[in-house]
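No experiment lies behind these values; they were computed from the predicted model shown.
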Amino acid sequence: QLQLVESGGGLVQPGGSLRLSCAASGFALGFDAIGWFRQAPGKEREGISCISSTGGSTNYADSVKGRFTISRDHAKNTVYLQMNSLQSEDTAVYYCAASRLCGFNYYDMVYWGKGTLVTVSS
């Protein structure tokens, strides 16, 4: 079993930055590609970024491309999401999830964290 715990959310002003962390513990062979998803109030959960098991491949949704950066530290079993130039539309609960391959398909994700709230407001 793999456990994922997100942290780093909070309140930030428009134009500000936050770094989210996704700490993994336990073991699940093959499920080590990590994706970040978010769900805004009244909206469906959407995939916004993912990183392969090695960290050599990353992908971003158009809505965050150029503003968000995903990375991973294997020594710490942690994946990060650096979020810059935050806008009110980025307000959501952010989740990390594990799957076999980097992707944004909700149904491919097997393990999920409980989420961390990001609020962008002045």
Side-chain angles (χ1 to χ4, degrees):
Q1 290 289 333
L2 191 66
Q3 292 80 43
L4 303 174
V5 179
E6 303 93 338
S7 62
L11 174 65
V12 62
Q13 292 187 341
S17 298
L18 280 177
R19 189 178 77 159
L20 304 184
S21 299
C22 173
S25 61
F27 180 75
L29 183 64
F31 292 95
D32 45 12
I34 299 294
W36 282 98
F37 289 70
R38 67 184 182 186
Q39 188 165 19
K43 295 188 177 181
E44 293 186 353
R45 194 170 299 189
E46 63 166 336
I48 57 171
S49 186
C50 65
I51 189 166
S52 64
S53 58
T54 63
S57 178
T58 59
N59 202 2
Y60 299 91
D62 288 343
S63 58
V64 305
K65 197 172 295 183
R67 301 187 298 124
F68 291 10
T69 303
I70 192 171
S71 62
R72 69 189 305 163
D73 184 333
H74 286 96
K76 295 183 178 179
N77 289 328
T78 300
V79 172
Y80 303 99
L81 186 68
Q82 177 66 43
M83 307 187 297
N84 299 328
S85 302
L86 284 162
Q87 306 162 5
S88 58
E89 308 88 87
D90 296 315
T91 294
V93 177
Y94 284 69
Y95 301 89
C96 63
S99 66
R100 292 189 181 277
L101 296 174
C102 179
F104 295 157
N105 190 328
Y106 174 91
Y107 297 101
D108 288 338
M109 314 311 285
V110 177
Y111 300 96
W112 288 87
K114 293 184 178 181
T116 185
L117 176 63
V118 172
T119 303
V120 184
S121 175
S122 56

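Shortest non-hydrogen contact noted between S122 and P14 is N-CD, 3.7 Å. Across all non-hydrogen atoms, the minimal contact from L20 to M83 is CG-CE, 3.7 Å. Minimum heavy-atom separation, D32 to S53: OD1-CB, 3.1 Å. Shown here for A98 and L2, the closest heavy-atom pair between the two residues is CB-CD2, 3.6 Å. Here the closest non-hydrogen pair linking G103 and C50 is N-SG, 3.4 Å. Closest approach of S17 and S85 over heavy atoms only: OG-N, 4.3 Å.
T119 contributes no side-chain N or O that, together with a main-chain N or O of A92, makes up a donor-acceptor pair within less than 3.5 Å. At distances below 3.5 Å, not a single donor-acceptor pair connects side-chain atoms of E6 with backbone N or O atoms of T116. Judged by distance alone, with hydrogens and angles left aside, the side-chain atoms of S52 form no donor-acceptor pair with the main-chain N or O of A33 at under 3.5 Å.
By the rule that hydrophobic residues join a cluster once side-chain heavy atoms approach within less than 4.5 Å of another member, V110 and I51 end up as members of one cluster. Note: the hydrophobic cluster containing I48 does not contain Y95 (ILVMFWY, side chain heavy atoms under 4.5 Å, direct or indirect links). L4 is not connected to M109 by any chain of hydrophobic side-chain contacts under 4.5 Å among Ile, Leu, Val, Met, Phe, Trp and Tyr, and they are in different clusters. If you chain together hydrophobic residues whose side chains sit under 4.5 Å apart, V93 and V79 never meet in one group. In the hydrophobic clustering of this structure, F68 groups with W36; members are Ile, Leu, Val, Met, Phe, Trp, Tyr whose side-chain heavy atoms approach within less than 4.5 Å, directly or through other members.
Between R72 and I34, the closest side-chain pair of non-hydrogen atoms falls below 4.5 Å. Contact of the S25 side chain with the N77 side chain is not registered, since no non-hydrogen atoms from C-beta on lie closer than 4.5 Å. Side-chain contact between Y60 and I70 is present, with heavy atoms from C-beta onward closer than 4.5 Å. Annotation: side chain of V12 is not in contact with side chain of D90 (no heavy-atom distance under 4.5 Å). Between V64 and L81, every side-chain heavy-atom pair lies at or beyond the 4.5 Å cut-off.
Heavy atoms of other residues, nucleotides or ligands lying less than 6.0 angstrom from NZ of K65 number more than 12.
Rounded to the nearest 0.5 Å, atoms CD (Q13) and CG (L86) are 11.5 Å apart. The OH atom of Y107 sits 15.0 Å away from atom OG of S99, with the distance rounded to the nearest 0.5 Å.
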Determine, step by step, whether W112 and Y106 satisfy the ring-ring contact (aromatic ring centres under 6.0 Å, His included) criterion, reporting the C-alpha distance in whole Å, the side-chain angles of both residues, the deciding distance to 0.1 Å, and the verdict.
CA-CA 10 Å; W112 288 87; Y106 174 91; 5.1 Å; yes
Before giving the answer on salt bridge (charged side-chain N to carboxylate O under 4.0 Å, His left out), spell out for E46 and R38 the whole-Å C-alpha distance, their side-chain angles and the decisive distance to 0.1 Å.
CA-CA 5 Å; E46 63 166 336; R38 67 184 182 186; 2.8 Å; yes
Test side-chain contact (heavy atoms from CB on, under 4.5 Å) on L11 and S121; report intermediate values, then the result.
CA-CA 7 Å; L11 174 65; S121 175; 4.1 Å; yes
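Under a cutoff of 6.0 Å and an axis angle of 45°, R45 and F37 do not form a cation-pi pair.
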